[in-house]
S.K.: 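Below is one structure. I have some questions about it.
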Amino acid sequence: MDYNFREIERKWQDYWKNHSTYKVDIDQSKPKCYVLDMFPYPSGAGLHVGHPLGYIASDIYSRYKRLCGFNVLHPMGYDSYGLPAEQYAIQTGQHPAVTTTKNINRYREQLDKIGFCYDWSREVRTCDPKYYKWTQWAFIQMFNSYYDNDCDKAKPISELVSKFEGNGTASVHAACSEELSFSASDWAGMSQEKKQSVLMNYRIAYLADTKVNFCPKLGCVLANDEISEGLSIRGGYPVEQRVMRQWSLRVSAYAQRLLDGLDRLDWTDSLKETQRNWIGRSEGTEMKFKIKDQDLDFEIFTTRADTIFGVTFMVLAPESAYVDMVTTPEQRQAVDEYLAAVKRRTERERLADRRVTGVFSGAYAINPVTGKEIPVWISDYVLSGYGTGAIMAVPAHDSRDYAFAKHFNLPIIPVIEGCDVSEQSFDAKDGVMTNSGFLNGMTVKEAIAATKVYVKEHHLGRVKVNYRLRDAIFSRQRYWGEPFPVYYKDGIPYVLDESKLPLELPEVENFLPTATGEPPLGHAKNWCTSEGYPYELNTMPGFAGSSAYFLRYMDPHNDKALVSREANDYWKNVDLYLGGTEHATGHLIYSRFWNKFLYDLGVICEDEPFKKLINQGMIQGRSNFVYRIKDTNTFVSLNLKGKYEVTPIHVDVNIVSNDVLDIEAFKNWMPDFKNAEFILEDGKYICGWAVEKMSKSMFNVVNPDVVVEKYGADTLRLYEMFLGPLEASKPWDTNGIDGVHRFLKKFWGMFYEKDELKVCDSPLTPEELKSLHKLIKKVTSDVENFSFNTSVAAFMICLNELSALKCCKKSALETLCILLAPFAPHISEELYHALGHEGTICDAQWPKYDEKYLKESNCKYAISFNGKVKQTMELPVDMDKETVEKTVISSESVAKILAGKTIRKVIVVPGKIVNIVF
RNA sequence: GCCGCAGUGGUGGAAUGGUAGACACGAAGGACUUAAAAUCCUUUGAACAGAAAUGUUCGUGCGGGUUCAAGUCCCGCCUGCGGUACCA
């Protein structure tokens with residue numbers, strides 16, 4: 001009986017489905033393990049062979065944990081709201097819901113063929129109203145909350161209102177957009193409208209004017225990566241900076257907790273570092289500078305307060321509110337011209353062209369420490385969004401200030417001893433202070449500390465921590481996303497009552513923005529409350545739906561809560577999360593924020609969502625090329641192309657095998673090549689190759705369905721793991737797949753001779769036991785460490801050893817089946833049953849290894865002379881150091897080498913090596 | 001510029017500081033076969049010597065260092081990939 005993988009895989013996939021083998025429920029008698037894949041966005045292109053890599057790895061881990069006795073939650077779903085579906089809708093007139101469903105079905109079909117152990121009864125789709133009800137619910141909670149810096153958590157906005165009523169802002173330390181100060185009676189005297197606008201300053205989900213990239217032609221705000229050279233990537237329309245009223249989430253309030261939380265996570269250092277950089281904590285000083293002859297001062301932020309004596313000018317960001325206040329009448333025209341010029345430039349242009357520009361405001365500031373007058377300039381190298389949008393410029397010790405000073409011929413005063421600033425600034429934070437009054441003689445570090453004390457004592461400012469992390473802009477002028485549970489009454493936004501959720505996405509005639517520039521929801525009929533108050537027209541961005549889906553899987557059908565207390569107490573958080581690094585500063589920040597917020601509310605029991613995170617590498621494509629001789633239709637084989645002038649042309653990898661071109665298939669591939677001629681080597685056409693991104697245009701896309709059809713799911717799974725380390729990116733090369741396929745055929749062959757099961761019951765020999773236990777040990781530790789490629793190799797070695805021993809004993813084969821079950825579940829199930837087992841192999845027990853079988857009777861020593869190995873020798877493994885030393889030196893061959901030489905030192909590493917130095 | 005990761009045969013890749021190249025692909029040779037496929041066996045880092053067993057030398061991007069011993073640790077580079085960037 002041959003290894004008929006098609007029949008076996010169909011049979012077991014049906015069995016698992018019909019028996020709900022992978023359905024899990026809360027089981028207090030077992031420890032839980034939550035293994036999660038980042039859910040996919042189902043695009044129209046379907047899965048290529050790179051997508052399942054992480055899914056296979058997590059599947060192996062899930063199955064392994066289950067065999068170890070864990071109750072494993074391993075769900076899957078779809079991130080199904082988003083831009084591509086909507087773009088497709090605009091182009092083809094198809095409703096995004098239709099194309100999305102179609103794509104999901106296609107994904108499911110492809111996933112099912114690979115034999116994953118997902119509990120599909122828990123599937124979620126972010127575009128399903130039953131799901132996004134809870135996305136909207138979370139938004140309402142954020143709207144109704146503020147962040148209290150005193151107890152470092154989110155609290156109900158009603159508590160803030162009570163504080164205002166009692167004491168005004170006096171006892172309030174809350175995260176806000178703008179520091180406000182008013183008394184209780186001020187508060188009492190405010191209009192409803194005014195009160196709402198004050199509260200908006202504190203809400204965690206808030207509406208505010210924000211600077212955005214807006215594309216008038218597309219009628220939509222675009223993210224930075226959707227723009228190139230000031231033009232939209234889709235369509236090539238101009239993009240401009242615009243201030244728009246947008247919903248935002250106060251993620252910045254959580255900056256410190258997001259940073260601190262990283263220390264407790266089992267993530268890779270590089271990913272944690274990426275998040276740390278993104279959060280960008282920087283500790284410095286906020287200082288007030290007075291404007292000369294005006295009753296006006298403004299604040300700057302600096303991490304280098306020690307250089308205060310080197311300040312020779314000040315710079316305001318063009319958007320700064322102070323620009324207008326400080327500009328003198330004489331400079332007004334020049335400043336206005338500059339501001340207009342800056343406004344014309346897009347963000348992109350500004351970054352591409354870093355020529356120094358700026359204008360003098362006419363005003364002078366007073367250095368609070370030295371009392372000196374210094375000019376105030378305006379330049380776009382200072383960003384309005386960071387710090388206070390104003391800086392003190394120290395050209396001697398900051399390269400940007402230096403370039404500015406050189407360009408406008410401003411003085412440069414070095415304040416660190418011995419540095420040369422004639423050619424460039426000295427940015428390093430070391431050295432001894434000079435030209436700096438009371439700081440002279442201190443090191444930079446001491447001076448920073450001393451300045452902080454000075455600033456505090458003289459009430460010139462305060463110590464301040466700044467974060468680079470910004471609040472997340474949460475509005476999109478799009479159709480295919482979650483509607484906000486928000487309506488407007490007299491221009492003031494109110495959130496819907498929770499009982500009205502979900503607020504379902506309405507039908508619209510078309511998905512383009514309306515003529516009046518409103519988002520597509522402006523086309524919706526009756527898009528208002530029953531009282532006639534209009535709903536918000538924007539929708540939520542892509543990350544809204546993906547920020548809490550891991551919680552929903554715990555209790556996906558609950559319509560009373562996002563997740564029940566019971567389910568959350570049992571499943572807690574994700575033990576293993578698998579996905580790409582591209583989400584490091586997006587999804588992985590937002591979902592940590594979202595989770596912490598829900599934790600503050602007391603809705604969930606863990607404040608970090610993902611305990612361990614692994615980033616699987618990208619699978620790149622391996623493209624093939626043919627070489628056409630210029631101006632002909634003749635193609636020359638790889639190693640002969642040097643003699644001709646050739647053009648390399650991508651050729652479909654599916655008609656190339658081991659870099660040998662299938663010439664007939666090539667002629668039929670495209671009409672152009674019908675009459676192609678070939679210059680062959682050894683009768684074959686050899687193609688060139690290169691590693692590139694896997695994409696249609698490179699003709700290097702390999703579809704998993706095709707591989708499953710030809711080799712089976714088990715082979716695909718094993719091969720994807722065998723390809724290399726999980727976290728490395730590596731090219732897909734179908735050529736090597738025969739190796740693992742052969743392994744499975746051999747495995748099958750150990751059970752069957754012709755149609756007869758040839759398994760016998762005799763006990764295992766010491767050699768067989770050793771081979772088997774070596775494998776158990778290796779695979780167990782490899783799976784725990786996600787080193788799947790080496791465990792596949794270990795299977796091959798073990799199989800070769802057992803087959804050399806002609807072992808076809810039941811107990812050995814049974815163990816092999818269980819070990820292989822996570823990797824190749826179908827064949828393992830089939831053979832496990834052939835051995836007479838009932839039920840499913842998923843309920844078997846992971847075998848334990850016993851060191852006693854692994855002990856070597858002899859141990860190989862390498863004997864080296866002055867570090868170079870010249871001899872090897874077998875000695876009993878438990879021999880002590882001295883005996884090894886004596887035995888080795890007195891042995892015949894070693895004695896020959898040592899003859900007449902004086903031994904200086906003998907080093908014995910137990911069980912490994914004897915080193916003789918002479 | 002800054003941060004992170006990597007560099008080992010023809011290819012993908014193995015190596016708790018201890019015989020570098022596991023395992024697999026490919027290639028070459030052989031067996032079986034009318035033939036092919038499939039399967040099995042042998043060889044396969046490089047160079048040199050030898051009829052052969054075998055031996056010698058060189059070899060993990062480059063240059064130094066630590067060590068009896070370095071792909072692995074340290075210092076200085078080079079190259080490639082990824083992230084991020086007027087963040088004061």
Side-chain angles (χ1 to χ4, degrees), chain A residues 2 268-278 280-282 284-285 300-305 307 315 317 350-351 354 356 379-383 385-394 397-401 403-404 427 466-470 580-582 584-585 615 617-618 620 622 658-660 689 691 718-719 722-725 727-743 745-746 749 787 789-800 860-872 904-918:
Chain A
D2 284 338
T268 60
D269 288 338
S270 78
L271 197 91
K272 287 200 234 181
E273 203 50 33
T274 304
Q275 288 213 340
R276 284 193 192 104
N277 291 342
W278 187 257
R281 182 183 203 274
S282 98
T285 314
I300 60 96
F301 175 77
T302 180
T303 53
R304 291 298 302 274
T307 58
V315 188
R350 202 175 66 79
L351 291 173
R354 297 230 183 139
V356 176
S379 172
D380 64 355
Y381 84 90
V382 172
L383 304 178
Y386 185 78
T388 60
I391 60 155
M392 62 178 214
V394 185
H397 303 290
D398 182 287
S399 52
R400 297 154 300 179
D401 297 345
F404 194 82
D427 292 16
N466 250 324
Y467 299 92
R468 208 189 73 117
L469 186 70
R470 306 293 166 79
T581 22
E582 67 272 22
T585 54
N615 297 118
M618 272 239 293
Q620 299 143 304
R622 186 180 186 279
N658 282 326
D659 295 335
V660 176
W689 62 273
V691 173
L718 275 175
Y719 187 55
F722 187 65
L723 222 46
E727 303 189 64
S729 60
K730 55 231 166 220
W732 176 269
D733 182 358
T734 308
N735 290 335
I737 202 167
D738 288 322
V740 288
H741 191 61
R742 259 173 226 151
F743 160 76
K745 280 200 273 193
K746 271 191 225 164
S787 176
N789 55 329
T790 49
S791 39
V792 177
F795 278 116
M796 292 176 177
I797 295 167
C798 181
L799 201 68
N800 283 339
K860 211 168 192 181
Y861 280 90
I863 300 156
S864 74
F865 298 90
N866 291 341
K868 300 209 166 179
V869 173
K870 303 235 174 162
Q871 284 284 323
T872 58
R904 281 198 291 147
K905 211 182 199 176
V906 179
I907 295 147
V908 178
V909 179
K912 286 288 183 184
I913 201 159
V914 179
N915 198 343
I916 302 168
V917 187
F918 55 85

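Chain letters run A, B, ... following the sequence lines, proteins first and then strands; every chain starts at 1.
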S.K.: Quick one: is B:rA88 close enough that its OP1 or OP2 comes under 4.0 Å of any side-chain N or O from A:Tyr386?
M.R.: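 For A:Tyr386, the contact criterion (side-chain N or O under 4.0 Å from OP1 or OP2 of B:rA88) is met.
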S.K.: Working to the nearest 0.5 angstrom, can you tell me the gap between A:Leu718 CG and A:Asn789 CG?
M.R.: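 Here the interatomic distance stands at 12.0 Å.
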S.K.: What distance, rounded to whole Å, do you find between the two P atoms, one in B:rA51 and one in B:rC40?
M.R.: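 Here B:rA51 and B:rC40 have their P atoms 37 Å from each other.
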S.K.: With sequence neighbours left out, write down each residue that passes side chain to side chain donor-acceptor pair (under 3.5 Å) with A:Arg281, or none if nothing qualifies.
M.R.: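 A:Arg281: side chain to side chain donor-acceptor pair (under 3.5 Å) contacts with A:Gln256, A:Glu283.
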S.K.: Report the distance from atom CH2 of A:Trp689 to atom P of B:rG12, rounded to the nearest whole Å.
M.R.: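 That distance rounds to 5 Å.
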S.K.: When all nucleic acid strands are considered with a 4.0 Å heavy-atom cut-off, which category describes A:Asp401: base, sugar-phosphate, or nothing?
M.R.: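 A:Asp401: no heavy atom of the nucleic acid under 4.0 Å.
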S.K.: Using a 3.5 Å limit on both pairing distances, list the dot-bracket string of RNA chain B from the 5' end; Watson-Crick and G-U wobble pairs count, crossing pairs take [ ], interstrand pairs take |.
M.R.: (((((((..(((.....[....)))((((((.......))))))(((((....)))))..(((((..]....))))))))))))....
S.K.: From CH2 of A:Trp732 over to C1' of B:rC25, roughly how many Å is that when rounded to an integer?
M.R.: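 Answer to the nearest Å: 13 Å.
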S.K.: Name the closest nucleotide to the A:Pro725 side chain, picking from B:rG83, B:rG26, B:rA14.
M.R.: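 Selected nucleotide: B:rA14.
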S.K.: Grab the CZ-C1' distance between A:Phe743 and B:rC23 for me, whole Å please.
M.R.: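 To the nearest whole Å, that distance equals 11 Å.
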S.K.: How close or far is atom P of B:rA37 from atom CZ of A:Arg742, stated in whole angstroms?
M.R.: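 The answer, rounded to whole Å, is 12 Å.
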S.K.: Using every non-hydrogen atom in the two residues, find where A:Ala390 and A:Val382 come nearest and quote the distance to one decimal.
M.R.: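 Where A:Ala390 meets A:Val382 most closely, the heavy atoms are N-CG1, 4.1 Å.
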S.K.: Does any N or O in the side chain of A:Asp733 come within less than 3.5 Å of the main-chain N or O of A:Asn735, such that one atom is a donor and the other an acceptor?
M.R.: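 The answer is yes, because a donor-acceptor pair under 3.5 Å joins these two groups.
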S.K.: Taking only the C1' atom of each, what is the distance from B:rU57 to B:rG50 in whole angstrom?
M.R.: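 B:rU57 and B:rG50 have their C1' atoms separated by 15 Å.
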S.K.: Would you kindly compare A:Ser282 and A:Ile737 by the position of their nearest RNA chain B nucleotide and give the one closer to the 5′ end?
M.R.: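 Upstream on the strand: A:Ile737.
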S.K.: As a test of reading the structure: which of B:rC23, B:rA88, B:rG13 is closest to the side chain of A:Thr302, going by heavy atoms?
M.R.: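 Nearest to the side chain of A:Thr302 among the choices is B:rA88.
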S.K.: Take atom P in B:rU8 and the same atom in B:rG13, then report the distance between them in whole Å.
M.R.: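 It comes out at 9 Å once rounded to the nearest Å.
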S.K.: May I ask you to verify if any side-chain N or O of A:Lys730 is less than 4.0 angstrom from the OP1 or OP2 atom of B:rG13?
M.R.: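 No, because none of the side-chain N or O atoms of A:Lys730 sits under 4.0 Å from OP1 or OP2 of B:rG13.
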S.K.: Apply side chain to side chain contact (heavy atoms under 4.5 Å, CB included) to the pair A:Asp401 and A:Ile391, showing each step before the final yes or no.
M.R.: CA-CA 10 Å; A:Asp401 297 345; A:Ile391 60 155; 3.5 Å; yes
S.K.: Between B:rA52 and B:rG61, how far apart are the P atoms? Round to whole Å, please.
M.R.: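 Pairwise P distance, B:rG61 against B:rA52, rounds to 34 Å.
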S.K.: Need one value for A:Lys746: base, sugar-phosphate or nothing, where a base atom within 4.0 Å counts as base even if backbone is also close, heavy atoms only.
M.R.: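 Sugar-phosphate: the residue A:Lys746, judged by heavy atoms under 4.0 Å, touches backbone atoms but no base.
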S.K.: Can a salt bridge be assigned to the pair A:Asp427 and A:Arg304 using a cut-off of 4.0 Å between side-chain N and carboxylate O?
M.R.: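 Here A:Asp427 does not pair with A:Arg304 in a salt bridge, since their nearest N and O are not under 4.0 Å apart.
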S.K.: Go nucleotide by nucleotide along RNA chain B from the 5' end; which of A:Asp738 and A:Ser270 gets its closest nucleotide reached first?
M.R.: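 Upstream on the strand: A:Ser270.
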S.K.: Think A:Asn800 has a side-chain N or O under 4.0 angstrom from the OP1 or OP2 of B:rA24?
M.R.: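 Yes, because at least one side-chain N or O of A:Asn800 sits under 4.0 Å from OP1 or OP2 of B:rA24.
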S.K.: Which is true for A:Arg470 with a 4.0 Å heavy-atom rule: it touches a base, it touches only sugar-phosphate, or it touches nothing?
M.R.: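 Since a base atom lies under 4.0 Å of A:Arg470, the category is base.
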S.K.: Is the ring pair A:Phe743/A:Phe795 parallel, tilted or perpendicular, if the boundaries are 30 and 60 degrees?
M.R.: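 A:Phe743 and A:Phe795: tilted rings.
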S.K.: Rounding to an integer number of Å, can you tell me how far A:Tyr381 OH sits from B:rA85 P?
M.R.: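 Interatomic distance, OH of A:Tyr381 to P of B:rA85: 20 Å.
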S.K.: Measure the spacing between CZ of A:Arg276 and CG of A:Leu271 and express it to the nearest 0.5 Å.
M.R.: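 With rounding to 0.5 Å, CZ (A:Arg276) is 10.0 Å from CG (A:Leu271).
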S.K.: What class does the angle between the rings of A:Trp732 and A:Tyr719 fall in, given that below 30° is parallel, 30 to 60° is tilted and above 60° is perpendicular?
M.R.: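 Rings of A:Trp732 and A:Tyr719: perpendicular, as their planes differ by over 60°.
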S.K.: Taking the C1' atom in each of B:rU66 and B:rA27, what is the distance between them to the nearest angstrom?
M.R.: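 These two C1' atoms come out 42 Å apart once rounded.
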S.K.: At under 4.0 Å between heavy atoms, what does A:Asn277 touch on the DNA or RNA strands: base, sugar-phosphate, or nothing?
M.R.: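 Result for A:Asn277 = sugar-phosphate.
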S.K.: Counting side-chain heavy atoms from CB outward, which of B:rA14, B:rA88, B:rA38 is closest to A:Thr790?
M.R.: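 Nucleotide nearest to A:Thr790's side chain: B:rA14.
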S.K.: Could you state the atom-to-atom distance from CD1 of A:Ile797 to P of B:rA24 in whole Å?
M.R.: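 So the two atoms are 7 Å apart, to the nearest Å.
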S.K.: Closest approach to the side chain of A:Lys745, judged atom by atom: which nucleotide of B:rA38, B:rC3, B:rC86 is it?
M.R.: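 The answer is B:rA38.
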S.K.: Syn or anti for B:rG17? Use the chi torsion, O4'-C1'-N9-C4 for purines and O4'-C1'-N1-C2 for pyrimidines, with syn inside 90° of 0.
M.R.: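 The base of B:rG17 is oriented anti (glycosidic angle more than 90° from 0).
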S.K.: What is the nucleic acid contact for A:Ile391, judged by heavy atoms within less than 4.0 Å: base, sugar-phosphate only, or nothing?
M.R.: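 Counting heavy atoms under 4.0 Å across all strands, the contact made by A:Ile391 includes a base.
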S.K.: When you measure from the side chain of A:Met796, which nucleotide among B:rA85, B:rA88, B:rC23 comes out closest?
M.R.: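 Output: B:rC23.
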S.K.: If you measure from the P atom in B:rG71 to the same atom in B:rC58, how many Å do you get, rounded?
M.R.: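 Taking atom P in both B:rG71 and B:rC58, they lie 13 Å apart.
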S.K.: Mind checking if A:Arg276 touches a base, just sugar-phosphate, or nothing, with heavy atoms under 4.0 Å?
M.R.: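 Contact class for A:Arg276: none.
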S.K.: Can you measure A:Asn789 atom CG to B:rC25 atom P for me and round it to whole angstrom units?
M.R.: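 About 16 Å, once rounded to whole Å.
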S.K.: Taking the P atom in each of B:rC73 and B:rG4, what is the distance between them to the nearest angstrom?
M.R.: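 Rounded to whole Å, the distance is 15 Å.
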S.K.: Could you tell me how far apart A:Leu723 (CG) and B:rC25 (P) are, to the nearest whole angstrom?
M.R.: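 Taking CG of A:Leu723 and P of B:rC25, I get 14 Å after rounding.
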S.K.: Just by distance, do the side chain of A:Arg470 and the backbone of A:Arg468 share a donor-acceptor pair under 3.5 Å?
M.R.: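 Flag set: sc A:Arg470 to bb A:Arg468 pair under 3.5 Å.
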S.K.: If you measure from the P atom in B:rC3 to the same atom in B:rU16, how many Å do you get, rounded?
M.R.: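 Approximately 29 Å lies between the P atom of B:rC3 and that of B:rU16.
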